[in-house]
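To keep things clear, I will list the structure first and then write my remarks on it.
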Amino acid sequence: MKIKEVADRLKITQRAIRFYEDKGLIAPSKQDDNQYRMFDDEDIWRLQTIIALRESGMSISDIRTALSDADAHGNGQLRYFLELQRSVMFSKWVEMKQIIETTDEMIDSLKRNQGLALDNIFALAEGSRRLREQRAWEDRWGFDRLAGIHDRLVQEDERKYGNYDEALSLIVKWVSPIPGERGLDIGTGTGNLAGRLIKEGADMAGVDQSNEMLKECQRKFPEMETKLGNFLALPYLDGKFDFVVSSFALHHLTHDQMRMAIPEMRRVLKPRGRICIADLMTDGEGSAAREEGENYIPFSNLIDLLESSGYVTKFQKMNERLHVVLAVPIR
DNA sequence: ATTCTGACA
DNA sequence: TGTCAGAA
């Protein structure tokens with residue numbers, strides 16, 4: 001297919017297509033004689049993906065990164081394109097939902113008082129701005145190169161992953177899935193936790209930011225469903241899961257992001273859904289500790305967030321850093 | 001009639 | 001990215 005037809009069908013200009021080529025996002029073949037670009041099926045899919053990602057606000061350079069990952073996946077590429085788009089659509093959907101809720105709050109507040117204090121308005125505006133930034137794509141693919149060696153790392157890095165197996169076992173014990181129950185593992189990585197729950201009869205889905213991780217996960221647990229996504233934009237509709245679990249992932253979030261993650265988990269849970277999390281946290285009431293580039297959040301903060309969200313919690317400290325928390329909704 | 005490259009808005 | 005020019 002030549003450029004005009006592609007541009008017409010994809011509703012973009014020829015200039016845009018050449019621009020993307022110039023930026024290294026796509027490389028259609030060229031006819032030897034006249035240098036006309038020729039687009040095959042894959043090029044079209046690729047372009048379509050670029051357009052979708054662009055519309056969702058991703059920068060050219062981030063798109064390049066995401067796409068070059070896709071290139072490494074041979075035949076799974078089309079699937080990757082679609083997952084990528086699904087993932088950004090969900091981000092948009094969640095963001096939209098939040099903004100609507102924010103607006104509702106303003107309307108509500110407007111009904112009560114005579115009006116909103118200017119400060120409130122600015123605060124809310126600031127909130128939705130922050131929301132945008134925090135859901136940014138930055139560094140979303142950094143984990144890919146770790147995928148192959150992840151499991152070995154877990155075994156070797158005693159300091160960080162000490163009591164790893166015990167923590168996973170405790171989650172399984174606390175969640176004690178009823179066969180057939182549907183569970184979600186956030187930041188599933190190569191699926192170690194999800195795999196154990198599957199063994200108990202749960203129907204598991206896993207979300208991770210890294211496609212490489214998911215690929216490895218898929219290899220280990222073919223029956224598991226995996227999707228690209230993260231804590232702040234879970235790629236599922238409301239009320240789909242009986243429980244949500246997560247291990248060694250929450251500490252990648254800032255405190256503000258963690259605050260947003262809880263309602264997001266609750267969103268995909270059924271009304272009585274439970275949450276069980278194992279992660280590295282600090283003991284103190286104080287501020288987050290920074291170690292080796294990770295920011296561990298005070299354990300009590302998570303408990304507070306959960307309890308103020310209507311959960312009753314139970315927890316166990318595995319070692320200096322590692323804690324396991326179970327949260328079930330009140331009544 | 002189409003497409004390409006390059007320059008400039 | 002849009003637009004325009006000059007060439008194939």
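Naming convention: chains lettered A, B, ... in sequence-line order (proteins, then strands); numbering from 1 in each chain.
- Straight-line distance from the NZ atom of K2(A) to the P atom of dA1(B): 14 Å, rounded to whole Å.
- With sequence neighbours excluded, the residues that form a ring pair (Phe, Tyr, Trp, His ring centres under 6.0 Å) with Y236(A) are F241(A).
- Residues I178(A) and L326(A) do not share a hydrophobic cluster, clusters being chains of Ile/Leu/Val/Met/Phe/Trp/Tyr side chains in contact below 4.5 Å.
- Partners of Q31(A) by side-chain contact (heavy atoms from CB on, under 4.5 Å), not counting sequence neighbours, listed by chain and number: D33(A), N34(A), Y36(A), M38(A).
- Taking atom CE of residue M38(A) and atom P of nucleotide dC4(B), one finds them 10 Å apart after rounding to whole Å.
- Within the structure, ring-ring contact (aromatic ring centres under 6.0 Å, His included) contacts touching residues 302-331 of chain A (residues at least two apart or in different chains) are F299(A)-F315(A), F299(A)-H323(A).
- A salt bridge does not link D22(A) with R18(A): none of the charged nitrogens is closer than 4.0 Å to a carboxylate oxygen.
- Nearest-nucleotide mapping onto DNA chain C: of Y36(A) and Q14(A), the residue sitting toward the 5' end is Q14(A).
- Surrounding NZ of K317(A) are more than 12 heavy atoms belonging to other residues, nucleotides or ligands, all under 6.0 Å away.
- Partners of S68(A) by side-chain contact (heavy atoms from CB on, under 4.5 Å), not counting sequence neighbours, listed by chain and number: D71(A).
- In this structure, the CD1 atom of I3(A) is 13 Å from the P atom of dT2(B), given to the nearest Å.
- Close approach of DNA chain C to chain A, defined as any atom under 4.0 Å from a non-hydrogen atom of the protein, starts and stops at dT1(C) to dT3(C).
- A salt bridge between E5(A) and K2(A) is absent, with no side-chain N of the basic residue lying under 4.0 Å from a carboxylate O of the acidic one.
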Tabulate protein N/O versus nucleotide N/O from nucleotides 5-9 of chain B, keeping only pairs under 3.5 Å, one per line.
{"residue": "dT5(B)", "atom": "OP1", "partner": "K30(A)", "partner atom": "NZ", "Å": "2.5"}
{"residue": "dT5(B)", "atom": "OP2", "partner": "R37(A)", "partner atom": "NH1", "Å": "3.2"}
{"residue": "dT5(B)", "atom": "OP2", "partner": "R37(A)", "partner atom": "NH2", "Å": "2.5"}

